[in-house]
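Read through the structure below, which is laid out as structure tokens, and then see the notes.
Keep in mind that the numbers below use all heavy atoms, side chains included, and drop hydrogens, waters and symmetry copies.
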Amino acid sequence: RMAFGLEPPRDFKAVGFDDIPQAAWACYDLTTIRQPLTLLAETAVDLLDKRINTPDAPQESKLLDVELIRRSSTNTSQD
């Protein structure tokens with residue numbers, strides 16, 4: 001972005017995921033999706049355990065909530 005003189009969100013909008021600490025650094029100020037990592041891991045292990053113990057059971061999916069962390073990489077005066 002610096003080499004081309006681009007500025008978010010004027011010239012582009014960017015969204016990351018996992019909300020790592022660097023996303024909040026002033027040089028990035030990146031809008032990101034925060035995922036519940038512990039719950040995600042626990043759910044994956046639970047589903048895997050169920051599959052191992054009952055291989056013929058129907059496929060199961062889980063939907064976990066995420067949180068949008070809005071920062072300046074997407075915020076504009078029109079938002």
Side-chain angles (χ1 to χ4, degrees):
R1 77 181 171 112
M2 291 178 199
F4 295 101
L6 300 174
E7 282 298 320
R10 182 193 70 208
D11 302 311
F12 66 94
K13 294 185 182 210
V15 178
F17 63 94
D18 287 344
D19 194 33
I20 62 172
Q22 293 86 343
W25 290 1
C27 59
Y28 301 118
D29 205 29
L30 180 66
T31 295
T32 185
I33 301 295
R34 182 179 294 156
Q35 303 177 71
L37 297 180
T38 300
L39 182 57
L40 186 64
E42 290 170 352
T43 302
V45 169
D46 181 51
L47 290 172
L48 182 58
D49 184 55
K50 286 180 182 178
R51 175 59 61 197
I52 290 169
N53 291 317
T54 316
D56 296 330
Q59 179 178 334
E60 186 177 348
S61 297
K62 297 280 183 169
L63 184 63
L64 303 176
D65 290 332
V66 298
E67 182 181 1
L68 177 64
I69 309 300
R70 291 186 66 109
R71 296 192 179 99
S72 67
S73 68
T74 58
N75 287 340
T76 64
S77 60
Q78 295 90 335
D79 287 348

Main chain of A57, side chain of R51: is a donor-acceptor contact present, judged purely on distance under 3.5 Å? yes

Can you check whether K13's main-chain N or O pairs, donor with acceptor, with S73's side chain at less than 3.5 Å? no

Can you name the residues that form a side-chain contact (heavy atoms from CB on, under 4.5 Å) with I52, not counting sequence neighbours? L48

Qualifying residues under side-chain contact (heavy atoms from CB on, under 4.5 Å), relative to Q35, sequence neighbours excluded: F17, D18, I33, L37, L40, V66

Please determine whether the number of non-hydrogen atoms from other residues, nucleotides or ligands lying under 6.0 Å from atom CG of D49 exceeds 12. yes

Starting from F4, walk the hydrophobic network (Ile, Leu, Val, Met, Phe, Trp, Tyr; side-chain heavy atoms closer than 4.5 Å) and list everyone else you reach, by chain and number. L6, F12

Tell me who clusters with L63, hydrophobic residues only, linked when side chains sit under 4.5 Å apart either directly or through other members. none

Quick one: closest heavy-atom pair of D65 and P36, and the distance? O-CD, 3.3 Å

What are the two closest heavy atoms between N75 and P9, and how far apart are they? O-CG, 2.7 Å

Across all chains, not counting sequence neighbours, the salt bridge (Lys or Arg N to Asp or Glu O under 4.0 Å) partners of R34 are D19, E67

Selection residues 38-48 - residue pairs positive for salt bridge (Lys or Arg N to Asp or Glu O under 4.0 Å), sequence neighbours left out: D46-K50

